[in-house]
Novice: 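Below is the structure I would like to discuss, written out as structure tokens.
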Amino acid sequence: MEIIEEDTWVCLEDNRNESKIVKVSEKKMVGWRKHKFDIGVILHKQYNTFWKIDKSNTVVEITSDQFYDNADLDNQIDDANIEITKTNKDLFDFNDSQKLTQEEIIQLKQQKEGEEIVDEVIQNSKTFEQKTEFSKAKYLKRKKEKYVCCFMVLKTTIDNVHKTQFLESPQKLNFMRIDSLAFFMQLSSITQNSNILMFDNANGVVVSAVAERLDGEGSISTVFWNHSKSNLRDYLPIQQMNFNEEILKSIKLIKNLEDIEKNQNKYTHLLIAGEFKFTEIIEKYLNLIAVGGIIVIFSTYLEKLHEVAEQLLSSGLCSKIDVLDSFLRYHQVLENRTHPKVEMNAFGGYLLQTYKLK
């Protein structure tokens, strides 16, 4: 079993399905969800363990059953095979259904644990018993998400690194959603021993995804939008992936664009993620791509990709030029209550893919 070592980045995923990526070190304080706690408690523990923050901001280990009791109430209701016998049509929200005042709830937080606060809130709700079983479960889930803070410790992956970065600052990732990143990787068809030329304007997330796929068996020559950073470890997603030295050595950070043409072998891929001068890049470096090489470009502007498509078509060097987009919408899929999520990011950008034939 792998254990968590000093200065390792880990992903904390809580009962709200929110995540935070932190570096673990002894006696290091971390702020999250109005709590400030010592993350060093999980040092030398195994991954996929479960923890709770109590009223004194102490981190204590809990069982998986305790965690999922606070995080998976919807499926518990499904397992109970509850028969629907009533509706909520007679319930009206006049903002007076809770007997406890805000001051009393604040006092409860100082005196009791999260589950005890939830019990008090339910007992003092005038309308709880009038709700349907599904509504009770949803109400209970909301209250546990509010008053109980528990989380599991996961290894960092490109999925949870992207998720955390995107929620904090999507503009740093050039608004590249996770489905767009997955589509980008699929179209790239990266295999071991690939020699890849990359232009990354997504803060290192796309480079991290490509490096994870290569696993040190290949090479990446990458140009970042921000040339002021002189070290790969200055890019937070690359740090958070906990890459070993072999993988880091496979990534060459290019600061002088003239170094691109010094590569002894032809590049098998040209990958561009984000807003660069695409037509200039194609004009300068298309001749450095090997026959059969794959070109994939991500952009938030469809017009820019149309310009590149026309440029590639007129060159006569590429074939099967496709301009594509993806659409992702999360759905709640539960018995008797399946529906699309209302809140979503409707825009995920556009992708161009083609193959060099000559």
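These values consider heavy atoms only, across backbone and side chains, with no hydrogens, waters or symmetry-generated copies. Since we're looking at a predicted model, the values are computed, not measured.
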Novice: Whether the N160 and S19 side chains hold a donor-acceptor pair (N or O, under 3.5 Å, no angle test) is what I'd like checked.
Specialist: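 The criterion, which ignores hydrogens and geometry beyond distance, is not satisfied for S19 and N160.
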
Novice: I281 vs I297, test: side chain to side chain contact (heavy atoms under 4.5 Å, CB included). Steps then yes/no.
Specialist: CA-CA 11 Å; I281 292 173; I297 304 173; over 6 Å; no

Novice: Shared ILVMFWY cluster between I62 and V30, side chains joined below 4.5 angstrom?
Specialist: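 Different clusters: I62 never reaches V30 through Ile, Leu, Val, Met, Phe, Trp or Tyr contacts under 4.5 Å.
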
Novice: Going by the rule salt bridge (Lys or Arg N to Asp or Glu O under 4.0 Å), which residues pair with D54 if we only count those two or more places apart in sequence or in a different chain?
Specialist: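 For D54 there are no salt bridge (Lys or Arg N to Asp or Glu O under 4.0 Å) partners, ignoring immediate neighbours.
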
Novice: Minimum heavy-atom separation for V323 and H306, please, with both atom names.
Specialist: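 It is CG2-CD2, 4.4 Å.
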
Novice: Return the minimal non-hydrogen interatomic distance between T164 and K20, and the atom names on each side.
Specialist: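 Reported closest heavy-atom pair: CG2-CA, 4.3 Å.
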
Novice: Taking only residues two or more places apart in sequence, or in another chain, which ones meet K55 in a salt bridge (Lys or Arg N to Asp or Glu O under 4.0 Å)?
Specialist: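 Testing K55 for salt bridge (Lys or Arg N to Asp or Glu O under 4.0 Å), a comparison that skips the adjacent residues, returns E113.
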
Novice: Do the rings of F224 and Y235 sit parallel, tilted or perpendicular, given the 30° and 60° boundaries?
Specialist: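 Ring orientation, 0 to 90° scale: parallel.
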
Novice: Please examine the side chains of H269 and V296, heavy atoms only from C-beta on, and report whether any two atoms are closer than 4.5 Å.
Specialist: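 No, their side chains stay 4.5 Å or more apart.
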
Novice: Testing the basics here: between K284 and N287, what is the closest heavy-atom pair and its distance to 0.1 Å?
Specialist: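 For K284 versus N287, the nearest heavy atoms are O-OD1, 3.0 Å.
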
Novice: For the residue pair L312 and L286, establish whether any side-chain heavy-atom pair is separated by less than 4.5 Å.
Specialist: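 Yes, at least one pair of side-chain atoms sits under 4.5 Å.
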
Novice: Would you check if V210 and S188 make a side-chain contact, meaning some heavy-atom pair closer than 4.5 Å?
Specialist: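 Result no, sub-4.5 Å side-chain heavy-atom pair not found.
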
Novice: For K27, enumerate each residue passing the salt bridge (Lys or Arg N to Asp or Glu O under 4.0 Å) test, keeping only those at least two apart in sequence or located in another chain.
Specialist: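 Salt bridge (Lys or Arg N to Asp or Glu O under 4.0 Å) list for K27, sorted by chain: empty.
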
Novice: Give a yes or no answer on whether the side chain of N174 reaches the backbone of M176 with a donor-acceptor pair at less than 3.5 Å.
Specialist: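 A pair under 3.5 Å: no.
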
Novice: Which value, rounded to the nearest 0.5 Å, describes the distance between K144 atom NZ and C150 atom SG?
Specialist: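 Spacing of NZ (K144) from SG (C150) equals 9.0 Å.
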
Novice: Holding to side chain to side chain donor-acceptor pair (under 3.5 Å), I want the full list of residues that pass it with H331, two or more places apart in sequence or in another chain.
Specialist: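 Expected list: none.
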
Novice: Using side-chain heavy atoms (C-beta onward) and a distance below 4.5 Å, is D322 in contact with K320?
Specialist: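 Heavy-atom side-chain distance check passes, below 4.5 Å.
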
Novice: A quick test of your reading: do over 12 heavy atoms of other residues, nucleotides or ligands sit less than 6.0 Å from NZ of K28?
Specialist: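 More than 12 heavy atoms, drawn from other residues, nucleotides or ligands, come within 6.0 Å of this atom.
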
Novice: Applying a strict under-4.5 Å side-chain criterion to I, L, V, M, F, W and Y, I'd like to know whether F175 and F184 cluster together.
Specialist: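 Not linked; separate clusters.
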
Novice: Side chains of I196 and L214, heavy atoms from C-beta outward: is any pair under 4.5 Å?
Specialist: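 Sidechains of L214 and I196: in contact.
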
Novice: Please report the shortest heavy-atom distance between I42 and V24, naming the atom on each side.
Specialist: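 Smallest interatomic distance, heavy atoms only, reads CD1-CG2, 3.8 Å.
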
Novice: In Å, rounded to the nearest 0.5 Å, how long is the span from CE of M152 to CD of E13?
Specialist: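 One gets 4.5 Å once the value is rounded to the nearest 0.5 Å.
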
Novice: Apply side chain to side chain contact (heavy atoms under 4.5 Å, CB included) to V153 and K45, showing your working.
Specialist: CA-CA 10 Å; V153 182; K45 299 289 185 177; over 6 Å; no

Novice: Could you note down all residue pairs passing side-chain hydrogen bond (donor to acceptor under 3.5 Å, both in side chains) where residues 307-319 supplies at least one of them, sequence neighbours left out?
Specialist: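 Non-adjacent pairs meeting side-chain hydrogen bond (donor to acceptor under 3.5 Å, both in side chains): zero.
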
Novice: So which heavy atom on I53 is nearest to which on H35, and how close?
Specialist: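 So the minimum-distance heavy-atom pair works out to CG2-ND1, 3.7 Å.
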
Novice: Can you name the nearest heavy-atom pair linking Y285 to L197, along with the distance?
Specialist: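 Closest approach of Y285 to L197: CB-CD2, 4.2 Å.
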
Novice: Among N48, D159, T49, find the residue that satisfies the side chain to side chain contact (heavy atoms under 4.5 Å, CB included) test when tested with L154.
Specialist: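 When N48, D159, T49 are each tested with L154, the side chain to side chain contact (heavy atoms under 4.5 Å, CB included) holds only for N48.
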
Novice: Say whether, by atom type as modelled, one donor and one acceptor occur between the side chain of D179 and the main chain of G348 under 3.5 angstrom.
Specialist: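 Absent.
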
Novice: Between D38 and V59, is the side chain to side chain contact (heavy atoms under 4.5 Å, CB included) condition met? List the steps.
Specialist: CA-CA 7 Å; D38 179 13; V59 180; 5.8 Å; no

Novice: Other hydrophobic cluster members with Y301, side-chain heavy atoms of Ile/Leu/Val/Met/Phe/Trp/Tyr under 4.5 Å, chained?
Specialist: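 Listed partners: none, Y301 stands alone.
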
Novice: In Å and rounded to the nearest 0.5 Å, what is the NZ to CG distance from K163 to L167?
Specialist: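 Interatomic distance, K163 NZ to L167 CG, rounded to 0.5 Å: 7.0 Å.
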
Novice: Can you give each donor-acceptor pair under 3.5 Å made by side-chain atoms of residues 216-223, sequence neighbours left out, with the distance rounded to 0.1 Å?
Specialist:
residue: S219; atom: OG; partner: N195; partner atom: OD1; Å: 2.8

Novice: Sorted by first residue and then second, give each side-chain hydrogen bond (donor to acceptor under 3.5 Å, both in side chains) pair with at least one member in residues 347-358; sequence neighbours left out.
Specialist: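 Applying side-chain hydrogen bond (donor to acceptor under 3.5 Å, both in side chains) to every pair that reaches into residues 347-358, excluding sequence neighbours, yields Q353-Y355.
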
Novice: Would the Y68 and F50 ring centres measure less than 6.0 Å apart?
Specialist: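 For Y68 and F50, the ring centres are under 6.0 Å apart.
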
Novice: Mind checking salt bridge (Lys or Arg N to Asp or Glu O under 4.0 Å) for K155 and listing every partner two or more places apart, or none if nothing turns up?
Specialist: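 With neighbours one apart ignored, the set is E2.
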
Novice: Do W9 and M241 have side chains that get closer than 4.5 Å, going by heavy atoms?
Specialist: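 They are not in contact (no side-chain heavy atoms under 4.5 Å apart), so the answer is no.
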
Novice: Are L313 and L270 in one and the same hydrophobic cluster, where Ile, Leu, Val, Met, Phe, Trp and Tyr link if side-chain heavy atoms are under 4.5 Å apart?
Specialist: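 Yes, L313 connects to L270 through the hydrophobic network.
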
Novice: Could you list the residues that satisfy side chain to side chain donor-acceptor pair (under 3.5 Å) with K304, not counting sequence neighbours?
Specialist: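 Listed in chain order: E275.
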
Novice: Answer with yes or no after comparing the ring centroid distance for F199 and F276 against a 6.0 Å cut-off, counting only values under it.
Specialist: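 Yes; F276 has its ring centre under 6.0 Å from that of F199.
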
Novice: How many angstroms lie between CG in D200 and CZ in F298, if you round to the nearest 0.5 Å?
Specialist: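 D200 CG to F298 CZ: 11.0 Å, rounded to 0.5 Å.
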
Novice: Partners of Q165 by side chain to side chain contact (heavy atoms under 4.5 Å, CB included), sequence neighbours excluded?
Specialist: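 Result, side chain to side chain contact (heavy atoms under 4.5 Å, CB included) vs Q165: V161, L173, N203, L236, P237, Q240.
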
Novice: Output the distance between atom CD (E212) and atom OG1 (T157), rounded to the nearest 0.5 Å.
Specialist: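 Rounded to the nearest 0.5 Å, the CD-OG1 separation comes to 7.0 Å.
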
Novice: Can you confirm whether L12 sits close enough to W51 that some side-chain heavy atom of one is under 4.5 Å from a side-chain heavy atom of the other?
Specialist: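 The answer is no, as the side chains (C-beta and beyond) never meet within the 4.5 Å cut-off.
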
Novice: When you measure from the side chain of S299 to the backbone of L305, do you find a donor-acceptor pair of N or O atoms at a distance under 3.5 Å?
Specialist: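 Checked: no pair found.
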
Novice: If you apply the rule side chain to side chain contact (heavy atoms under 4.5 Å, CB included), what do you find for T268 with N193, and how did you get there?
Specialist: CA-CA 9 Å; T268 59; N193 299 316; over 6 Å; no

Novice: Just by distance, with hydrogens left out, do N242 and T8 show a side-chain donor and acceptor under 3.5 Å apart?
Specialist: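 Not at all, the side chains of N242 and T8 share no donor-acceptor pair under 3.5 Å.
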
Novice: If the condition is side chain to side chain donor-acceptor pair (under 3.5 Å), which residues does Q171 pass it with, not counting sequence neighbours?
Specialist: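 So Q171 forms a side chain to side chain donor-acceptor pair (under 3.5 Å) with S169.
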
Novice: Say you draw a straight line from CG of N263 to NZ of K252; how long is it, rounded to the nearest 0.5 Å?
Specialist: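 Here the interatomic distance stands at 6.5 Å.
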
Novice: Tell me if the NZ atom of K172 is crowded by more than 12 foreign heavy atoms within 6.0 Å.
Specialist: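 Check fails, neighbour count at 12 or below.
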
Novice: Test of understanding: clusters of I, L, V, M, F, W, Y form through side-chain heavy atoms closer than 4.5 Å, transitively. Do F67 and F37 belong to the same one?
Specialist: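 No, separate clusters.
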
Novice: With a 4.5 Å cut-off on side-chain heavy atoms, are R213 and M185 touching?
Specialist: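 Sidechains of R213 and M185: in contact.
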
Novice: Do L328 and V205 belong together in a cluster built from hydrophobic side chains that touch within less than 4.5 Å?
Specialist: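 Cluster IDs for L328 and V205 match.
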
Novice: Look at the side chain of Y47 and the backbone N and O of V10, then say whether any donor-acceptor pair between them is shorter than 3.5 Å.
Specialist: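 Pair absent, no side-chain N/O of Y47 close to backbone of V10.
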
